[in-house]
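Structure record follows, encoded as structure tokens.
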Amino acid sequence: MAATQRGERELRKKAEAQLKGTKDPLERLRLQCLSRGASGIKGLGRSFRIMDDDGSRSIDFREFTKGMHDYGLMLEKEEIQDLFNRFDQDGSGTVDFDEFLKNLRPPMSERRKKLINQAFVKID
């Protein structure tokens with residue numbers, strides 16, 4: 001078995017295990033994507049573009065709800081509304097692609113932030 005396949009399998013197992021104990025809808029969405037493997041979030045991004053019928057790079061609540069169901073994400077209606085409100089940071093009633101990806105991306109770990117800071121110090 002190739003190392004990438006093993007890593008992919010471990011990523012899926014870890015996400016599935018964490019999903020069982022997570023209540024936060026955003027974290028559940030992230031974990032459901034990761035449980036589909038490393039390309040899960042990428043696939044959801046592709047789904048976003050499909051949901052966007054008019055090509056405006058933004059979707060309304062109806063499109064968002066349909067997209068979550070079409071992607072096969074198991075979320076309650078209240079969780080979908082909560083997610084939509086969290087993604088719609090400017091309060092426009094729509095979620096644009098950038099808002100979607102910024103919110104879907106997990107926060108950087110302290111270890112990663114420290115490594116980035118060290119790289120910048122070294123560059124300066």
Side-chain angles (χ1 to χ4, degrees):
M1 176 180 291
T4 55
Q5 289 176 328
R6 185 179 15 243
E8 178 87 7
R9 192 178 73 229
E10 289 172 9
L11 176 70
R12 287 180 177 178
K13 281 185 178 181
K14 184 178 176 184
E16 288 169 1
Q18 289 176 329
L19 186 58
K20 293 176 184 167
T22 302
K23 301 286 186 219
D24 177 49
L26 181 55
E27 189 61 23
R28 287 185 58 213
L29 175 59
R30 286 181 189 135
L31 290 170
Q32 285 183 20
C33 289
L34 288 174
S35 70
R36 295 172 182 231
S39 62
I41 290 177
K42 182 179 174 184
L44 189 55
R46 237 186 331 245
S47 293
F48 181 96
R49 288 187 290 278
I50 292 168
M51 289 182 258
D52 180 17
D53 293 330
D54 62 2
S56 65
R57 291 183 51 99
S58 65
I59 56 175
D60 61 19
F61 181 70
R62 183 191 57 77
E63 292 170 317
F64 184 79
T65 301
K66 183 180 181 310
M68 293 295 109
H69 289 289
D70 288 352
Y71 192 68
L73 296 174
M74 308 304 185
L75 298 170
E76 300 294 324
K77 185 173 182 165
E78 298 79 23
E79 292 175 316
I80 292 173
Q81 182 67 60
D82 178 50
L83 279 175
F84 186 81
N85 293 341
R86 288 164 76 175
F87 285 154
D88 182 19
Q89 293 184 332
D90 63 2
S92 65
T94 61
V95 174
D96 67 38
F97 192 64
D98 293 332
E99 285 176 317
F100 183 73
L101 288 182
K102 285 178 187 174
N103 283 287
L104 192 55
R105 190 178 314 131
M108 276 198 283
S109 67
E110 287 303 316
R111 181 175 169 227
R112 188 169 182 188
K113 287 179 187 177
K114 185 177 177 180
L115 182 63
I116 291 169
N117 286 332
Q118 288 173 344
F120 277 114
V121 167
K122 192 160 194 115
I123 291 171
D124 282 345

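Numbering starts at 1 and runs along the sequence shown.
- E79 is linked by a salt bridge (Lys or Arg N to Asp or Glu O under 4.0 Å) to R28, counting only residues two or more places apart in sequence or in another chain.
- Annotation: Q118, atom CD; neighbour count of heavy atoms from other residues, nucleotides and ligands within 6.0 Å is above 12.
- The side-chain contact (heavy atoms from CB on, under 4.5 Å) search around D98 returns R57, D96, not counting sequence neighbours.
- For R111, the side-chain contact (heavy atoms from CB on, under 4.5 Å) criterion is met by S109, not counting sequence neighbours.
- Side-chain contact check for T65 versus F84: every heavy-atom pair is 4.5 Å or farther apart.
- In this structure E110 satisfies the salt bridge (Lys or Arg N to Asp or Glu O under 4.0 Å) test together with K113, sequence neighbours excluded.
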Practice problem: Take D88 and F61 through the test side chain to side chain contact (heavy atoms under 4.5 Å, CB included) and record every step on the way to the result. | Solution: CA-CA 10 Å; D88 182 19; F61 181 70; over 6 Å; no
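- By the side-chain contact (heavy atoms from CB on, under 4.5 Å) test, D82 pairs with P25, R86, sequence neighbours left out.
- With contacts defined as side-chain heavy-atom distances shorter than 4.5 Å, the pair I80/H69 qualifies.
- Distance check, rounded to the nearest 0.5 Å: CG of D60 to CE of M51 gives 11.0 Å.
- With values rounded to the nearest 0.5 angstrom, I59 atom CD1 is found 6.5 Å from F100 atom CZ.
- Not one N or O on the side chain of Q89 forms a donor-acceptor pair closer than 3.5 Å with the backbone of E99.
- Shown here are the salt bridge (Lys or Arg N to Asp or Glu O under 4.0 Å) partners of K66, two or more places apart in sequence or in another chain: D70.
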